[in-house]
Amino acid sequence: MENKTGKYFKYAIGEIVLVVIGILIALQINNWNNNRIERRMEKEILKEILVNLETDLQNINETIERNKIWIEHNYLVVEHLENKTPLTDSLKYHYSSLYGYHRFQPIKVAYENLKSEGISIIRNNTLRKKISELYEYQYFFMVEDIRTEIGRIQPIHKNQIITKLKTEQSYVSAQPVNLVALQNDIPFHETLKDVIVYRWWTIGRIKKGREKIIEVISAIENELDKN
């Protein structure tokens, strides 16, 4: 009986050990599988963010170019009025194109997906910080600061144009209601100069953001290359 009891005990211990080993192996396999799923998800989200940022970069470059064009229109009209040069067809085109506002709006779809999954899914601490700072800090100032300035200057600019210019064809030809009066209209001149300053400020603000975008794009590409 003692021998049988010893054998049963050893058998039971062996069974317990096998069960424990099986559980540990199952847990290890489960952890490995979960880690593999997370890494795949991380890679897909980084790819999505990369696509969004590349589109943002294109939109920023377009916004910069549009602002430069509007600067030229406003500058040439101010120069024409202050120097009291003759009104030409090319100047009529510039008069017709004084007004226009194009704001940069970042694409945040991929970043919102990242936040819903948990931003900690990105293992690289430096990369995770760069992405967060871009979307939560840099983009905020690129959008909200510019929006605030637009809210200040846009109504004044629009009112000056509506009340003091007559449009023959939108974005093709316009001219002063009274050219002589407009040549001596200091508030009109100052409004256009204010718009020029605002647009250069906008370009500067957006260029700083563009540098950060390029930096994050490079960091994401490097991370994806590791995988």
With heavy-atom distances below 4.5 Å as the criterion, would you say the side chains of V78 and F188 are in contact? no
- Item | Within 6.0 angstrom of K115 NZ, more than 12 heavy atoms from elsewhere | yes
Would I146 end up clustered with V197 when hydrophobic side chains under 4.5 Å apart are linked, directly or stepwise?
-> no
Between L53 and I213 the two heavy atoms that sit nearest each other are O-CG2, 3.8 Å
- Can you establish whether the number of heavy atoms outside K158 located under 6.0 Å from its atom NZ is more than 12? no
E149 meets the salt bridge (Lys or Arg N to Asp or Glu O under 4.0 Å) criterion, sequence neighbours left out, with R152
In short, E48 meets N113 closest at the heavy-atom pair OE1-ND2, 3.4 Å
* Can E168 and V172 be said to form a side chain to side chain contact (heavy atoms under 4.5 Å, CB included), step by step? -> CA-CA 8 Å; E168 297 164 353; V172 175; over 6 Å; no
Ring centres under 6.0 angstrom apart (Y139, F104): yes
key: Polar contact flag, side-chain donor to acceptor under 3.5 angstrom, T85-H80   = yes
Given 3.5 Å as the limit, does a donor-acceptor pair link the side chain of N159 with the main chain of P155, or not? no
Exercise. Can I150 be reached from I162 by stepping across I, L, V, M, F, W or Y side chains whose heavy atoms are under 4.5 Å apart?
Worked result: no
inquiry  = Salt bridge check, R66 against E62: does any charged N sit closer than 4.0 Å to a carboxylate O?
reply    = yes
* Asked: Backbone N or O of E79 within a donor-acceptor pair of the N83 side chain at under 3.5 Å?
  -> yes
Grouping I, L, V, M, F, W and Y whenever their side-chain heavy atoms are under 4.5 Å apart, do I107 and L114 come out in a common cluster? no
task: Might you work through the side chain to side chain contact (heavy atoms under 4.5 Å, CB included) test for Y99 and Q154, ending with a clear yes or no?
output: CA-CA 9 Å; Y99 186 81; Q154 188 176 18; 3.0 Å; yes
Side-chain ion pair, R210 and E215, N-O less than 4.0 Å: no
**OP:** Look only at the side chain of S96 and the backbone of A174, and say whether a donor-acceptor pair between them is shorter than 3.5 Å.
**Re:** no
Quiz item: Taking everything shown except K212 itself, do over 12 heavy atoms lie less than 6.0 Å from its NZ?
Solution: no
(message) Strictly distance-based, threshold 3.5 Å: is any side-chain N or O of T202 a donor or acceptor partner for the main-chain N or O of Y198?
(response) yes
Take E223 and I220 through the test side chain to side chain contact (heavy atoms under 4.5 Å, CB included) and record every step on the way to the result. CA-CA 5 Å; E223 187 66 21; I220 290 175; 5.6 Å; no
Q.
When you measure from the side chain of S173 to the backbone of Q169, do you find a donor-acceptor pair of N or O atoms at a distance under 3.5 Å?
A. no
query = Is it the case that Q138 and E133 place a side-chain donor and acceptor less than 3.5 Å from each other?
reply = no
**Q.** Derivation and outcome, side chain to side chain contact (heavy atoms under 4.5 Å, CB included), residues D194 and H157
**A.** CA-CA 9 Å; D194 199 15; H157 191 208; over 6 Å; no
Q. Taking the six-membered ring for Trp, are the ring centroids of H73 and Y93 within less than 6.0 Å of each other?
A. yes
Looking only at heavy atoms, the pair that brings D56 and Q105 closest together is OD1-O, 4.3 Å
### Under 3.5 Å side-chain donor-acceptor pair for Y111 and E136
yes
Notebook entry, point to check: Looking only at atom types and distance, does a side-chain atom of H189 sit under 3.5 Å from a main-chain N or O of L182, one as donor and one as acceptor?
Noted result: yes
### Query
Is there a path of hydrophobic side-chain contacts, each under 4.5 Å between heavy atoms of I, L, V, M, F, W or Y residues, that connects L192 with L179?
yes
T88 side chain to L91 backbone, donor-acceptor under 3.5 Å: yes
Nearest heavy-atom approach of P176 to L87 is CD-CD2, 4.3 Å
ask   = Does L98 offer a backbone N or O that forms a donor-acceptor pair with the side chain of N74 under 3.5 Å?
value = yes
Side-chain donor/acceptor of R128 to backbone N/O of I122, under 3.5 Å
yes
Closest non-hydrogen atoms of Y95 and L165, given as atom of the first, atom of the second and distance, are CD2-CD2, 3.6 Å
| said: Using modelled atom types and a 3.5 Å cut-off, is there a donor and acceptor pairing between side-chain atoms of S97 and backbone atoms of H94? | reply: no
Less than 4.5 Å apart, any side-chain heavy atom of L224 and any of L50?
yes
